[in-house]
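Okay, so here's the structure we're looking at.
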Amino acid sequence: MREVRGNRRDLLSISSLEKDEIINLLNSARSFAEVSTRSVKKVPALRGKTIVNLFMEPSTRTRMSFELAAKRLSADVVNFSSSTSSLSKGESLKDTAKTIVAMGVDAVVVRHGSAGAPQMMTAWVDCPVINAGDGMHEHPTQALLDLFTIRELLGRLEGLKVAIVGDIDHSRVARSNIHALRKVGAEVLLVAPQSLIPQDIRRMGVEVTGALDEALGWCDVLYLLRIQLERVNESRFPSLREYTLLYGLTEARWFELDPKPLVMHPGPMNRGVEIDSRVADEVESVITGQVAAGVALRMAVLYDLLGGSRG
Ligand code: NCD
């Protein structure tokens, strides 16, 4: 991966990856996906390696996914979660990093509420650092698993039309996906009220609209985002009900659509806000497919960075 320091590498962002590196990871994930279908879901590729999951922000699927990925590669995993948000973030992270170095671990997976925390971590530890979501900045493995899912289901990435709908401004998933989709040659249309679109976002090579219904007729993939209520207050739009009427995938919208796009969501979903609950049930297989792809993709990333021998 691009961030090369000495002979160690990190995965901090999609913006620093080349297209070839993205495609190689997707191809590698494909071979690792097979491991999860075996009755014994393990290969010895990272036997003897220790990986620390450092999650300083709530997470269900990303943390579990990294843990399963490491275990299926036969690595040992230590989970460290912290809700000590009252501590100064820089300090607590540095102290934790020192502990990690002292324990002699081989990789650290970091989720943090502050953008740039995984990057800071690289100065304090001597092993690869993987960004599992940092503030509103990036969530590279989410974007990679999304590309993997799209390619598996639609057979290609180049030239695809992808509409990303919702709280773009606060979304690290949107930022990583925009970088990733543009690098592999997909077209990206952002759909949201003006108040949830970052001002200079067009520089990333995307189009922007406020009209969901037009986007629905255009896209091959409809990527829905959660309103990040922990980072936004409703003053960005009149009310959640209003938001749903204008930007939600309601039953009325869904049943009128023909042909229907592939509907994706990074989770957790807010049923009844960005997606109607019955529509969510209809498209569930794709969304759970994203979760399954996450394990294979993270196996590919860990294998790539820790350089084990494939078993
Ligand atoms: C996302 C995240 O944490 O950024 N979730 C995830 O990793 N699957 C999206 C979100 O929280 O809405």
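Here His137 contributes atom NE2 and His112 contributes atom NE2; the two are 14.5 Å apart, rounded to the nearest 0.5 Å. Atom CZ of Arg182 is separated from atom OG of Ser15 by 14.5 Å, given to the nearest 0.5 angstrom. We find the CG-OH distance between Asp146 and Tyr223 to be 3.5 Å, quoted to the nearest 0.5 Å. Leu305 CG to Leu25 CG: the interatomic distance, rounded to the nearest 0.5 Å, is 8.0 Å. Taking CZ of Arg61 as the reference point, atom CG of Leu145 lies at 11.0 Å (rounded to 0.5 Å). A distance of 10.0 Å separates CD1 in Ile164 from CE in Met264, rounded to the nearest 0.5 Å.
Taking the six-membered ring for Trp and the full ring otherwise, the centers of Phe55 and Phe80 sit at least 6.0 Å from each other.
Side chains of Val221 and Pro261 form no contact here, defined as non-hydrogen atoms less than 4.5 Å apart. Contact annotation: the side chain of Val286 approaches that of Leu262 to within less than 4.5 Å [non-hydrogen atoms, C-beta and beyond]. Two residues are said to be in side-chain contact when any heavy atoms from C-beta on lie closer than 4.5 Å; Val43 and Arg72 fail this criterion. Side-chain contact between Leu249 and Leu224 is present, with heavy atoms from C-beta onward closer than 4.5 Å. Between Asp10 and Ile130, the closest side-chain pair of non-hydrogen atoms is not below 4.5 Å. Side-chain atoms of Gln142 and Pro266, non-hydrogen and from C-beta on, do get closer than 4.5 Å to each other. The shortest distance between side-chain heavy atoms of Leu196 and Ile168 does not fall below 4.5 Å. Using a 4.5 Å heavy-atom cutoff, the side chains of Val105 and Ile51 are not in contact.
Under the 4.5 Å side-chain heavy-atom criterion for ILVMFWY residues, a single connected hydrophobic cluster contains both Val273 and Val283. Under a hydrophobic-cluster definition in which Ile, Leu, Val, Met, Phe, Trp and Tyr are linked whenever side-chain heavy atoms come within less than 4.5 Å, directly or via other members, Val40 and Val295 are assigned to different clusters. Under the 4.5 Å side-chain heavy-atom criterion for Ile, Leu, Val, Met, Phe, Trp and Tyr, Leu245 and Leu240 are members of distinct hydrophobic clusters. Cluster annotation: Ile100 is not connected to Val77 through the hydrophobic network of ILVMFWY side chains, with a link wherever side-chain heavy atoms come within less than 4.5 Å. Two different hydrophobic clusters hold Val291 and Leu297 under the rule that ILVMFWY side chains link at heavy-atom gaps under 4.5 Å.
One side chain, Asn131 or Asp134, offers a donor N or O that lies under 3.5 Å from an acceptor on the other. His139 and Arg175 share no donor-acceptor pair across their side chains, judged by distance under 3.5 Å alone. With no hydrogens or angles considered, a side-chain donor-acceptor pair links Ser277 and Arg271 at under 3.5 Å. The closest side-chain donor-acceptor pair between Gln290 and His265, if any, does not fall under 3.5 angstrom. Side-chain polar atoms of Glu138 and Ser176 form a donor-acceptor pair below 3.5 angstrom.
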Check: Can Ile178 and Leu190 be said to form a side-chain contact (heavy atoms from CB on, under 4.5 Å), step by step?
Finding: CA-CA 9 Å; Ile178 293 168; Leu190 306 179; 3.8 Å; yes
Checklist line | Candidate pair Lys260 and Glu256, rule salt bridge (Lys or Arg N to Asp or Glu O under 4.0 Å), full reasoning | finding: CA-CA 9 Å; Lys260 297 193 191 308; Glu256 256 175 37; over 6 Å; no
Margin query: Between Leu189 and Val162, is the side-chain contact (heavy atoms from CB on, under 4.5 Å) condition met? List the steps.
Written below: CA-CA 6 Å; Leu189 175 63; Val162 182; over 6 Å; no
Checklist line | Verdict with reasoning, Thr50 to Val78, per side-chain contact (heavy atoms from CB on, under 4.5 Å) | finding: CA-CA 8 Å; Thr50 306; Val78 182; 4.2 Å; yes
Margin query: Under the criterion side-chain contact (heavy atoms from CB on, under 4.5 Å), I'd like the reasoning laid out for Arg172 against Met136: C-alpha separation, chi angles, the key distance, then a yes or no.
Written below: CA-CA 5 Å; Arg172 54 195 173 207; Met136 303 186 315; 5.5 Å; no
Check: Can Arg30 and Glu152 be said to form a salt bridge (Lys or Arg N to Asp or Glu O under 4.0 Å), step by step?
Finding: CA-CA 9 Å; Arg30 190 150 213 227; Glu152 290 299 299; 2.8 Å; yes
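When all heavy atoms are compared, the tightest approach of Phe32 to Leu73 is CE2-CD2, 3.6 Å. Counting all heavy atoms, side chain and backbone alike, Leu302 lies closest to Phe66 at CD1-O, 4.3 Å. For Asp106 against Leu306, the heavy-atom pair with the smallest separation is CB-CD2, 3.8 Å. Among all heavy-atom pairs drawn from Ala192 and Gly166, the shortest one is CB-O, 3.1 Å. The minimum heavy-atom distance linking Leu144 with Leu26 is given by the pair O-CD2, 3.4 Å. For Ala296 against Ala29, the heavy-atom pair with the smallest separation is CB-O, 3.5 Å.
Under 4.0 Å is where a charged nitrogen must lie from a carboxylate oxygen, and between Glu34 and Arg38 at least one such pair does.
Applying the side chain to side chain donor-acceptor pair (under 3.5 Å) test between Asp169 and each of Gln199, Arg231, Arg236, Gln228 identifies Arg236 as the sole match.
Applying the ring pair (Phe, Tyr, Trp, His ring centres under 6.0 Å) test to every pair with at least one member in residues 165-221, sequence neighbours left out, gives no pairs at all.
Within 6.0 Å of CE in Met269 there are more than 12 heavy atoms belonging to other residues, nucleotides or ligands. In Glu230, the CD atom is crowded: over 12 heavy atoms of neighbouring residues, nucleotides or ligands sit closer than 6.0 Å.
A cation-pi arrangement, defined by a distance under 6.0 Å to the six-membered ring centre and an angle within 45 degrees of its axis, is absent between Lys98 and Trp124.
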Side-chain atoms of residues 201-214: list all donor-acceptor pairs with protein atoms under 3.5 Å, sequence neighbours left out, distances to 0.1 Å.
unit_1	atom_1	unit_2	atom_2	d
Thr209	OG1	Ala211	N	3.0
Asp213	OD1	Arg253	NE	3.0

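Checked against salt bridge (Lys or Arg N to Asp or Glu O under 4.0 Å), Arg63 has the following partners two or more places apart in sequence or in another chain: Glu67.
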